[in-house]
Amino acid sequence: MSTARHSPARSIAAHAVLIAYTIIALFPVFVIIVNSFKSRRAIFADPLALPTAETFDLVGYQTVLKQGDFLLYFQNSMIVTVGSLFLVLLFGAMAAFALSEYRFRGNSLMALYLALGIMIPIRLGTVAILQLMVASGLVNTLTALILVYTAQGLPLAVFILSEFMRGVSDDLKSAGRIDGLSEYTIFFRLVLPLVRPAMATVAVFTMIPIWNDLWFPLILAPSEATKTITLGSQVFIGQFVTNWNAVLAALGLAIVPVLVLYLIFSRQLIRGITAGAVK
Amino acid sequence: MAQRKPIRWHVVVFLAPAVLVYTAIMIVPLFGTLNLSLFNFDESGRVFVGLRNFATLFGDPRWSGAFWNALANNAWFFAVHMLVQNPVGVMLAALLSSPRLRMAAFYRTAIFIPTILSFVIVGFVWKLILSPIWGIAPGMLDAVGLKSLFAPWLGREGTALTTLALISVWQFVGIPMMLIYAALLSIPDEVIEAAELDGVTGWAQFWKIKLPLILPAIGIISILTFVGNFNAFDLIYVSQGALAGPNYATDILGTFLYRTFFGFQLQLGDPHMGATIATAMFGIILVGVCLYLFLIQTRLRRYQF
C-alpha cells in the first residue's frame, strides 16, 4: 500500500487529536467521580488531585444515602425504563413485522404515519397529555410515564426494525408456512431471534433518552413516590446546593448505572449503527 | 370477482398495539394541543378565539418580546450546533475511520460517553467547572498564564447562551461522530482504491471523494439537530432555571413554553398560551423539516454501490 496513507507522522497526529478530544470528553466525569470521594476541604483546596489517604472521605455518599431516597428513585427509573423498553420492543417489532411482511392496502401510508413521530417531538403535545393523564387519573403514577415513553420510542423502533426485517430471508418464512406454522409462531420463533442485533441497537437508542428525561417526570409524576433518578438528583441538587460533598456524590451515583449499561451494550450499539442504519 | 378477501386478523393483531398507543398518547394529544391554542378564557368561560392567541403571541408587546427573544436565542443555539458540533463530529469520524488506527474502539466509546449522561449531570458539572468560586477553569487558565481570559461565562448576558450551546455540543458530538463514522465505513474499498490509483490521497481524497459520499448522512444529522434544538429544554432548565437567566439571555422556546404553561413565581400558568407556543414550535419544526425534505434532500445525490 502507499506510504502516504500510513505515514507515522499522520498517525501520530490522528492519535494526538483523538486523545485530546477524549480528555475533553471525559474530564468532567473524572472531576465528579474524583471529588466525590474527597473531604470538603480537599475539594476546594485542589479540585484536580486524586483522593489520598488523608483527603479520602465518604461523607458525601453517607449524606446522600441518609437524606435522599435514592434507592426508591433508582427503582422507579428502572421500572419506567425497563417497562417502556419492553413495550417499545414488543409493539415496535410486531408493527414492523406487519409492515415489512404483509402487503395490504394502506401499508405505506401506515408506515409514513408511524414515522411522523421521528420528526415531531412528543413534548409538543404535553399540554394535552397532561389533561389526558389528569382525566384518566394517571398523574403521579409510573404507568403514565411508561405509556408516554412507549409512544415516544415506537416511531424510531418501527422504522429501524422494519428496515432490518425486510432483510430476513423469505425462504425461511415460506418453509415455516409450508410446515404449517401460524403467522404468530413465524414471528416469535423465526423472525425475532434473527433481528436480535437490531433490537439491541433500538434498545440503546430508546433507553438513553428515557433514563435521562427530566421533562415528563417533572410534569407527569413529580410526587415523592414516583420520582425518577434524574428528577430526584435535580431536586436533591437544588436543596443541597452548598453541600458539595453530597451533590458530587449524588452525581456520581447517577452516572454509574447508565455508564455500566452503556459499557455493556456499547459493542452491540456500534455494530448496530455500522450495520447500515444510516443508509 | 366480487368476493372480497377475508380480513387477515393477524395483520391487525400485529399492528394494533403500536398504532393504538402511538395514536392515543402522541397524535391525539398533539392535535389536542393544536386545538387548545384556538381557545381562551373570558368572563363566560372558555371561548373560541380563532387565531387571536397567535396575534397576541406575535404582536402584543407583553408576549411578543419574550417570544422573539426566545426564537432568536433558539436560532443562535442551533447555529452554534451547526457550526461547531457537525464539523467536529465529521473530523473525529474521519480520524477514527483512518485505516489501521489502533485503539479506535476505545476512542469511539470514550467520546460517546457524554451523550449518555443526563442533562442534570452535564449542566451541574459544567456549572462547577466554570464557577468562579470553585474555579477549576480559572485555576487551569492560571496554570497556563491566561487567567485574564477567565470570566463568569454562564453569568453574563453576552456569553451565557453561547457557553450553554457549547456545553450542549460537548454532550452531543458523539451522535454525528457515530453516524458519519458508519457512513464512512460503508464506502466501498474499491472506490478508495480507485482514487488512490488516480493519485488522490489524504486531504484531497477526503474532500473530493469521501465528503460527497457522506453528504446524505450530514443532511440527516442536520435535520435531527434542528428538531432536537428547537425542542431543547432540559439543559437550560437544569443550569439556569426556568427563568433562563441572566435576564432571559438563555431563554429558548422550550423554557418559554414551560414557564408559560406552568407559571413561575408570581405569574400563573396559562394552558392556552402554552398551547399556542407549542403550536408555534410545531409550525417551526414542520417548516424546517419540509424545507429539508423538499429543497435539500431531493438535491442530494445518492450513490449506490
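Here is how names work: the chains are called A, B, and so on, in the same order as the sequence lines, proteins then strands, and each is numbered from 1.
- Per-residue counts of heavy-atom pairs under 4.5 Å with chain A were compared for B/L286, B/V13, B/I223; the largest is that of B/V13.
- The heavy-atom pair separating B/G269 from B/P271 by the smallest distance is O-CD, 3.9 Å.
- For the set B/T115, B/L95, B/V19, B/L34, the count of heavy-atom pairs under 4.5 angstrom toward chain A peaks at B/L95.
- In this structure, the portion of A/I237 lying under 4.5 Å from any heavy atom of chain B is its side chain and not its backbone.
- Most heavy-atom pairs under 4.5 Å with chain B, from the set A/P28, A/S233, A/A14: that is A/P28.
- Using cut-offs of 30° and 60° on the angle between ring planes, the pair B/W203 and B/F206 is perpendicular.
- At a 4.5 Å heavy-atom cutoff, the contact between B/A24 and chain A is made by backbone atoms alone.
- Considering CH2 of B/W9 and CD of A/E183, their distance stands at 15.5 Å, rounded to 0.5 Å.
- For the pair B/R8 and A/E101, the salt-bridge criterion is not met [side-chain N within less than 4.0 Å of a carboxylate O].
- Using a 4.5 Å cut-off between heavy atoms, B/F233 touches chain A through backbone and side chain atoms alike.
- Across all their heavy atoms, B/I221 and B/T225 have their closest contact at O-OG1, 2.6 Å.
- Options B/L184, B/V238, B/V88 differ in how many heavy-atom pairs under 4.5 Å they form with chain A, and the most are formed by B/V238.
- Taking the ring centroids of A/F187 and B/H10, they lie at or beyond the 6.0 Å cut-off.
- Contact tally against chain A (heavy-atom pairs below 4.5 Å) for B/F226, B/Y258, B/W126: the top residue is B/Y258.
- When heavy atoms are compared at a cutoff of 4.5 Å, B/V173 approaches chain A solely by way of its side chain, counted from C-beta outward.
- Relative orientation of the B/F14 and A/Y102 rings is parallel, given thresholds of 30° and 60° on the angle between their planes.
- Counting heavy-atom pairs under 4.5 Å between each of B/L36, B/D234, B/I285 and chain A puts B/D234 at the top.
- The candidate with the highest count of non-hydrogen atom pairs below 4.5 Å against chain B, out of A/V31, A/I118, A/I229, A/L114, is A/L114.
- With 3.5 Å as the limit, one finds no donor-acceptor pair spanning the side chains of B/Y237 and A/Q234.
- Only the side chain of A/L26 comes within less than 4.5 Å of a heavy atom of chain B; its backbone N, CA, C and O stay farther away.
- Looking only at heavy-atom pairs under 4.5 Å with chain B, the residue among A/V148, A/L116, A/I219, A/V17 that has the most is A/I219.
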* Step by step, work out the side chain to side chain donor-acceptor pair (under 3.5 Å) result for B/Y181 and B/R108. => CA-CA 10 Å; B/Y181 175 69; B/R108 227 165 37 202; 2.7 Å; yes
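- In this structure, chain B has no heavy atom under 4.5 Å from any part of A/V88.
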Hey, can you pull the donor-acceptor pairs under 3.5 Å for the side chains in residues 125-134 of chain A, sequence neighbours left out?
from: A/T126; atom 1: OG1; to: A/R123; atom 2: O; distance (Å): 2.2
from: A/T126; atom 1: OG1; to: A/W215; atom 2: NE1; distance (Å): 2.9

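- Residue contact with chain A, scored on non-hydrogen atoms closer than 4.5 Å, is absent for B/F31.
- For the set A/N35, A/I24, A/L218, the count of heavy-atom pairs under 4.5 angstrom toward chain B peaks at A/L218.
- The contact between B/I27 and chain A is made entirely by side chain atoms (from C-beta outward), counting heavy-atom distances below 4.5 Å.
- Note on B/L30, B/V120, B/L92: by heavy-atom pairs under 4.5 Å with chain A, the leading option is B/V120.
- Across all non-hydrogen atoms, the minimal contact from A/G92 to A/L154 is N-CD2, 3.5 Å.
- Heavy atoms of A/L231 lying under 4.5 Å from chain B are absent altogether.
- In this structure, chain A has heavy atoms under 4.5 Å from both the backbone and the side chain of B/V11.
- In this structure, the separation between CD on A/Q152 and OH on B/Y22 is 12.0 Å, given to the nearest 0.5 Å.
- Proximity to chain B involves both the backbone and the side chain of A/F104, based on heavy atoms less than 4.5 angstrom apart.
- For A/Y113, the parts sitting under 4.5 Å from any heavy atom of chain B are the backbone and the side chain alike.
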* Output, in order, the C-alpha distance, side-chain angles, deciding distance and verdict of side-chain contact (heavy atoms from CB on, under 4.5 Å) for A/I122 and A/F216. => CA-CA 10 Å; A/I122 191 170; A/F216 283 113; 3.8 Å; yes
